[in-house]
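In what follows, a structure is listed as C-alpha cells, so that the remarks can point back to it.
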Amino acid sequence: MTMKASKKSIWKLFAMSLLKSLVAICVLLAVGFGSYKISYYFLSKGATEIKTDKDSIQQIIKDAQTEDISKNLIYVCNEKDQITHMMVEICNTDTNNMDYVTIPTKIDYTIPTTMYRKLCTISENIPQIMRISKIKQYFDDEEQAYGYGLLIVEKMIGTSLSYYTVLSEEVYQNHYQEVKVKVSYKKTQDPNATASPVPEASEPPSSSTSTKTKMKISCASEAYINQLKDIQGDEKKIVEFIQAQYDRVNSNLTVTNKIGYIESYEKMNVELFHYWGVPGSYDGKLFVVDTKAAKKFFKNLVENVTPYTEPQDLTTTQKTTAQPAATKDTSKDSKKKKKVSSKGLNILVLNGSKITGLAGKTQQKLQEKGYTVPQVGDYKKETLTRTQIIVKKEGQGEDLVKYFKNPEVTVGMVEDGYDIQIILGTADANQ
C-alpha cells in the first residue's frame with residue numbers, strides 16, 4: 001500500500017506541475033497578445049483623420065503622371081510574392097539621360113512612427129520593422145502593396161518618386177544582368193539619417209566616414225541593348241515597343257502617359273545609359289540604406305544638366321558623394337573643342353511656341369546674319385518653353401546659341417535635307 005500511495009503521489013505531483021506550466025504558458029501568450037493590441041491601439045490612436053485606404057491608393061494613382069524628370073520605381077517579383085530586385089529609373093527629358101539606381105531588397109527598414117501609425121489604419125499585419133523583399137505579404141492586394149511600398153521606399157531613400165512599374169522575374173531575366181561594383185560614399189553616423197538597423201553605439205562618433213561597399217547592380221543585358229538599338233530614333237517602333245511591354249507589366253502610369261516620353265526615347269542612346277548602386281552598406285546579412293547619403297546622390301542625378309556623351313565605366317569605383325563623374329566634362333580636350341560654323345549648312349526652323357510669326361522672324365534674323373534657312377514650319381507636338389537646337393554632329397550649332405535665350409544644343413536626328421533643326425520655344429518670343 002505504501003508503494004502504491006507513493007506512486008499516486010508522484011503522478012499527482014507531475015500532473016500539478018504540468019498544469020502549472022500550461023497555465024504559465026497561457027498567461028504569457030495572453031500578456032504578449034495584450035501588449036500587441038495595446039501597442040497597436042496607441043499607434044493607431046490619433047490617426048482617424050488619415051485618408052482611407054481607398055482614398056490613399058487613388059491619390060497615388062492620380063499623382064502618377066509624366067514629368068520632365070521622372071523617377072520610376074521598378075519592382076521585380078517572383079511567383080512566391082517576393083520582391084527580388086528593385087531599381088529607380090530616372091528619365092531626364094531635358095538632357096535625355098537615363099539612369100538606373102539599384103536598391104537591394106535584403107533590407108529591414110524601420111518605418112518612421114508617423115507613417116507607421118497611418119499604415120496601421122490599413123492593416124494590423126504591417127510590422128514597423130519591414131523586410132523590403134516581403135512588401136507584398138503585408139498588404140491585402142497588389143495595388144496596396146505597390147502603392148504603399150512606393151511611399152515607404154520614398155522615405156527610405158529620402159527622394160520623391162513619380163510612379164511604379166512591376167516586372168516579372170522572367171521579364172527581368174530577359175532584359176537585365178547583374179554586375180558587381182564598388183560604391184563609395186560618405187557614411188552617415190546620425191541614426192536619424194540612416195535607414196534601419198541603427199548603427200551600433202560602439203561606432204566612431206565622427207559625423208561621417210568614407211566607405212566602399214561591394215554590391216550587385218542591375219544593368220541592361222546585351223540582348224536588351226540590341227533590342228533597344230533596333231528601335232532607336234524610330235517613333236513608330238518605340239510606340240509599338242512600349243505598348244507591347246505594357247502587356248507584360250503592371251504600372252500605375254498609363255501606357256498613354258508613358259508614350260508621352262516618346263520624344264526623349266527617340267533621342268536617347270542606350271549605350272550611354274548609366275547604372276548605380278544606392279549608398280549603403282552590408283552588415284553581413286542585410287543591406288542598410290544611408291538615407292542622407294542616398295538623398296544627396298539622387299539630388300545630384302536629378303539636377304545634372306549635362307548630357308552623357310561617353311559610355312559608363314563600371315570597372316571603377318562609383319563615387320556617390322559628389323555629382324557623378326560622367327556628368328562633368330572638365331577634360332582638356334572638351335575645353336579645346338572647335339566650334340563648327342553653321343554658315344553654309346541647311347537650317348530648318350520650326351515654331352514650337354505656338355506664337356504666330358515667330359518662325360518667320362527668326363528666319364529673317366538668321367538670314368541677315370549670313371545663315372541658310374530655306375524653310376520654316378510648325379512643330380506639331382507640345383508647346384516648348386526653351387528653344388532646342390538639334391544638330392547632326394558634335395560642335396555644330398554652337399555659333400547659333402547667342403541668338404536665342406538659353407537654348408539647348410543636342411546631337412540628334414534632324415529632318416532629311418537639313419543639317420540643323422531649331423525648334424523655337426516661348427522664351428524667345430521677345431528676343
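Residue indices begin at 1 and follow the sequence shown.
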**Item:** Within 6.0 Å of NZ in K267, more than 12 heavy atoms from elsewhere
**Value:** yes
**Asked** Judged by atom type as modelled, is there a donor-acceptor pair below 3.5 Å linking the side chain of S133 to the main-chain atoms of K106?
**Response** no
**Asked** Are the side chain of Q421 and the backbone of E415 linked by a donor-acceptor contact shorter than 3.5 Å?
**Response** yes
**Under 3.5 Å: donor-acceptor pair, side chain of S70, backbone of N72** = no
**Asked** Are any side-chain N or O atoms of T102 and backbone N or O atoms of S218, one a donor and one an acceptor, separated by less than 3.5 Å?
**Response** yes
**Message:** Can you confirm whether more than 12 heavy atoms, excluding those of E170, are under 6.0 Å from its CD atom?
**Reply:** no
**Item:** S342 side chain to D399 side chain, donor-acceptor N/O pair below 3.5 angstrom
**Value:** yes
**Prompt:** Quick one: which of Q396, E394, K393, E398 gives a side chain to side chain contact (heavy atoms under 4.5 Å, CB included) with V340?
**Reply:** Q396
**Request:** Could you check M87 against Y275 for side chain to side chain contact (heavy atoms under 4.5 Å, CB included), going step by step and ending with a plain yes or no?
**Result:** CA-CA 10 Å; M87 298 175 281; Y275 308 93; over 6 Å; no
**Message:** Around atom CD of E79, are there more than 12 heavy atoms from other residues, nucleotides or ligands closer than 6.0 Å?
**Reply:** no
**Message:** I'd like to know if the side chain of E408 reaches the main chain of Q388, judged simply by a donor and an acceptor atom lying under 3.5 Å from each other, with no hydrogens or angles considered.
**Reply:** no
**Prompt:** Under 6.0 Å from the NZ atom of K216, do we count more than 12 heavy atoms belonging to anything else shown?
**Reply:** no
**Message:** Under a 3.5 Å cutoff, is there a donor and acceptor pairing between the side chains of D99 and Y308?
**Reply:** yes
**Exam field: side chain N346 to backbone D419, donor-acceptor pair closer than 3.5 Å** = no
**Prompt:** Measuring from I225:CD1 to Q232:CD, what's the distance to the nearest 0.5 Å?
**Reply:** 11.0 Å
**Request:** Establish, from distance only, whether the side-chain atoms of K354 and Y379 form a donor-acceptor pair under 3.5 Å.
**Result:** no
